[in-house]
*Asks:* 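Let me give you the structure first, and then I'll get to my questions.
Letters A, B, ... mirror the listed sequences (proteins, then strands); counts begin at 1. The structure displayed is predicted, hence computed values, not measured ones. Note that these values count all heavy atoms, side chains included, but never hydrogens, waters or copies made by symmetry.
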Amino acid sequence: MRRKSAKSPQNIADYTLILFAFFWMALIIFLPLASVLFNAFKGGVSKYLETFADPDAMDALKLTLLVTAIVLPLNIVFGIASAWAITRFEFVGKTILLSIIDLPFSLSPVISGLVWVLMFGAQGWFGEFLQAHDIDVIYALPGIVLATLLVTLPFVARELIPLMDDNGTDEEVAAVTLGASGWDVFFRITLPNIKWALLYGVLLCMARAMGEFGAVSVVSGHIRGLTNTLPLHIEVAYNEYNTIGAFGAATILVGLAFVTLAIKTILEWRYADELSAQHRH
Amino acid sequence: MALTINNLSKQFAGFAALNDISFSVKEGEFIALLGPSGSGKTTLLRMLAGLDYPDKGTIDFKGQNYLSLPVKERKIGMVFQSYALFRHMTVAKNIAFGLEMRGKNKPKREEINETITRLLKLVQLEGFEKRYPAQLSGGQRQRVALARALAINPSLLLLDEPFGALDAMVRKELRRWLRHIHDETGLTTIFVTHDQEEALDLADRIVLLEGGKIAQYDTADKIINHPKSEFVFDFVGSGNAADADIKGEIASINGCEFPVVNLTNFSGRQKVKFRNYDALISNEEKGIKAQLTGIFASTGFLRFEAIDNGGHHLEIIIPERNFDHSLKVGDRVGILPQKAYLF
């Protein structure tokens with residue numbers, strides 16, 4: 001409701017454009033999603049439900065949720081801290097920091113996984129040290145977390161930086177002159193102003209953390225029931241011609257994506273007044 | 001003296017933002033910090049607020065060393081050009097913010113509500129408690145910002161170009177209204193502006209800054225009629241230059257004699273300056289010989305543009321009722337200064 005410059009369609013060209021948008025969406029998004037459901041239920045509901053009885057699938061789901069639960073708070077803290085540093089201070093190396101934050105976007109996920117193998121793998125820089133102290137990083141949970149962390153690093157920071165830049169520091173300075181401590185300024189002024197951007201960042205980060213395949217594939221070792229995340233489990237099942245198992249597990253990921261989308265929509269709807277009040281300038 | 005500033009200096013990356021600034025302000029006085037951009041006026045205000053610190057010098061407020069006090073202990077009400085209202089809070093919550101921050105000394109709910117009502121009445125925004133800043137006009141936002149600053153019962157009110165983002169009509173209206181609120185509260189007030197008209201109209205005294213130094217600290221009347229330097233003369237109004245023969249306090253140009261405020265000991269041929277309203281236009285061959293290049297009507301006066309024999313442009317304004325209607329563009333005229341300055 002920021003701008004109401006949109007009008008209703010008037011001529012054939014307008015309708016064609018709208019129709020094309022729907023058609024394209026159906027082709028690129030809806031059809032593939034429908035095929036997931038179709039394949040998952042091909043053998044009937046009971047066959048589909050067997051997916052949830054498969055201990056490997058359930059272990060993969062648990063691992064995926066665990067990794068997400070570890071990565072998310074770390075990214076929130078890093079995202080806010082780096083956005084704060086970049087938008088609130090002038091310092092040497094600011095542009096470099098900005099480009100580094102963006103790097104994971106342009107890096108192939110395989111590289112994002114491989115770098116950890118090169119560092120912590122048996123032949124890696126710290127390989128001997130880790131082996132001597134009996135610490136598993138690669139082919140274990142820490143490696144999966146590190147790979148996911150690297151891939152999802154930009155999401156929160158990238159949502160916050162433009163907004164915090166736009167908001168400026170005047171409100172924070174005003175709060176200080178009114179007697180607010182640093183703590184108060186952050187929790188009462190800064191955080192409420194960035195909470196929507198933060199939420200979007202968190203949701204994007206969550207979706208990516210749950211769905212990451214490439215980087216995790218390199219460091220995981222695909223050990224069933226131990227280091228297989230849900231996306232990896234799907235691949236394994238598919239390669240073993242367990243179509244129903246693969247697509248059944250895929251419905252879980254699709255389901256998680258829909259839950260994420262639903263949370264976002266519900267929050268937007270619930271706080272619609274507040275949102276429009278704050279953005280109307 | 002309520003506020004005494006001594007020898008304040010500040011360097012930013014090699015250039016002097018403030019250079020040995022000293023002045024004092026009386027209790028309840030309304031002071032304008034006036035100057036072009038880069039003159040150091042905002043830096044000075046930020047130092048008073050505790051948002052910036054000088055390299056040298058002292059700020060003393062009612063016997064307290066201000067520089068040793070952190071921002072929150074200075075009890076300063078600050079108003080920003082951008083309003084800086086908390087956009088996610090209602091008007092009432094914005095105003096209450098400073099009181100909520102008092103920790104153990106936080107007033108009771110009813111007291112806070114009373115303060116909100118009292119201040120909204122003062123800034124003429126009764127009934128706006130539940131609005132968000134985005135639902136207010138620029139002028140209304142700045143009035144809420146002022147109410148918020150006054151809520152903490154400040155000992156000093158600082159305003160940083162408070163009307164800079166508003167349109168001309170609202171500016172003028174809020175200007176009178178701010179003066180009214182100042183007179184009602186008796187609060188020592190310092191405001192920054194680059195608009196000389198605003199400063200002259202509003203302030204008891206004006207600190208006119210030039211490149212980090214005080215060019216003049218005086219009342220509006222003194223600054224207008226007794227400028228201490230050519231910079232001051234040029235900054236507060238428009239004027240013309242002409243060569244004249246100086247003898248003490250009297251200058252003459254081609255048979256036209258007029259008083260000159262002589263700030264030098266020079267005599268003989270010198271460049272003097274005079275205000276565009278301190279001159280008459282005659283059709284005699286006296287004073288500065290010039291040709292009229294334009295006559296423009298305005299409300300209550302006429303503005304003449306002319307060019308002298310040396311090719312210099314001159315501008316004269318004359319009240320409409322004193323206008324000699326026989327003058328036309330292209331006429332050769334004599335411009336007769338009535339009062340001039342020699343810097």
*Asks:* With a cut-off of 6.0 Å (strictly less than), are more than 12 heavy atoms of other residues, nucleotides or ligands near CZ of Phe187(A)?
*Replies:*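 Counting neighbours around CZ of Phe187(A), more than 12 heavy atoms of other residues, nucleotides or ligands fall under 6.0 Å, so yes.
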*Asks:* Name the member of Val79(B), Leu99(B), Leu85(B) that forms the most heavy-atom pairs with chain A at distances under 4.5 Å.
*Replies:*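 It is Leu85(B).
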*Asks:* Sequence neighbours excluded, which residues qualify as side chain to side chain donor-acceptor pair (under 3.5 Å) partners of Arg175(B)?
*Replies:*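 Partners of Arg175(B) under the side chain to side chain donor-acceptor pair (under 3.5 Å) test: Asp201(B).
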*Asks:* Under 6.0 Å from the CD1 atom of Ile96(A), do we count more than 12 heavy atoms belonging to anything else shown?
*Replies:*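 Not more than 12 within 6.0 Å, no.
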*Asks:* Give a yes or no on this: more than 12 heavy atoms of other residues, nucleotides or ligands lie within 6.0 Å of atom CD1 of Ile28(A).
*Replies:*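 Yes - once you tally the heavy atoms of other residues, nucleotides and ligands closer than 6.0 Å, there are more than 12.
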*Asks:* Under a 4.5 Å heavy-atom cut-off, does chain A meet the side chain of Ile76(B), its backbone, both or neither?
*Replies:*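 Looking at Ile76(B), just its backbone touches chain A.
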*Asks:* Check whether Leu158(B) gets within reach of chain A through its side chain, its backbone, both or neither, counting any heavy atom under 4.5 Å.
*Replies:*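 When you check distances to chain A, no heavy atom of Leu158(B) falls under 4.5 Å.
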*Asks:* Please, which pairs that meet salt bridge (charged side-chain N to carboxylate O under 4.0 Å, His left out) have at least one residue in residues 70-79 of chain B, sequence neighbours excluded?
*Replies:*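 For residues 70-79 of chain B, and leaving out neighbouring residues, there are no salt bridge (charged side-chain N to carboxylate O under 4.0 Å, His left out) pairs at all.
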*Asks:* In terms of heavy-atom contacts, does NZ of Lys56(B) have more than 12 from other residues, nucleotides or ligands at under 6.0 Å?
*Replies:*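 Not buried by this count: 12 neighbours or fewer within 6.0 Å.
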*Asks:* Residue by residue, scan residues 168-175 of chain A and write down, ordered by number, those that have a heavy-atom distance under 4.5 Å to chain B; if none do, write 'none'.
*Replies:*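 Counting heavy atoms that sit under 4.5 Å from chain B, the residues of residues 168-175 of chain A involved are Asp170(A), Glu171(A), Val173(A), Ala174(A), Ala175(A).
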*Asks:* Using non-hydrogen atoms and a 4.5 Å limit, figure out which bit of Arg102(B) sits close to chain A: side chain, backbone, both or neither.
*Replies:*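 Neither part; nothing is under 4.5 Å.
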*Asks:* Under 4.5 Å heavy-atom distance to chain A, tell me which part of Phe86(B) shows up: side chain, backbone, both or neither.
*Replies:*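 For Phe86(B), the contact with chain A is made by backbone and side chain together.
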*Asks:* Which atom pairs, donor and acceptor, lie under 3.5 Å between side-chain atoms of residues 39-47 of chain B and protein residues at least two apart or in another chain?
*Replies:*
residue	atom	partner	partner atom	Å
Ser39(B)	OG	Pro36(B)	O	2.7
Lys41(B)	NZ	Gly35(B)	O	3.1
Lys41(B)	NZ	Pro36(B)	O	3.3

*Asks:* If you define the side chain from C-beta out and look only at heavy atoms, does anything of His88(B) sit under 4.5 Å from Lys195(A)?
*Replies:*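 No, too far: nothing below the 4.5 Å cut-off.
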*Asks:* Would you indicate whether Phe105(A), at its atom CZ, is surrounded by more than 12 heavy atoms from other residues, nucleotides or ligands within a distance under 6.0 Å?
*Replies:*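 Buried by this count: over 12 neighbours within 6.0 Å.
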*Asks:* Using a 4.5 Å cut-off on heavy atoms from C-beta on, say whether the side chain of Met89(B) contacts that of Ile189(A).
*Replies:*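 Sidechains of Met89(B) and Ile189(A): in contact.
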*Asks:* Taking all atoms of both residues into account, what is the closest heavy-atom pair of Thr177(A) and Val71(B), and its distance?
*Replies:*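 In terms of heavy atoms, the two residues are closest at CA-CG1, 3.7 Å.
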*Asks:* Give, for atom CG of Asn193(A) and atom CZ of Arg87(B), the distance between the pair rounded to the nearest 0.5 Å.
*Replies:*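 Going from CG on Asn193(A) over to CZ on Arg87(B), the span is 5.0 Å.
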*Asks:* Verify the neighbour count for atom OH of Tyr53(B): are there more than 12 heavy atoms of other residues, nucleotides or ligands below 6.0 Å?
*Replies:*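 Enclosed.
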*Asks:* Is it true that atom CZ of Phe91(A) has more than 12 heavy atoms of other residues, nucleotides or ligands lying nearer than 6.0 Å?
*Replies:*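 Yes, the 6.0 Å shell around CZ holds more than 12 heavy atoms from other groups.
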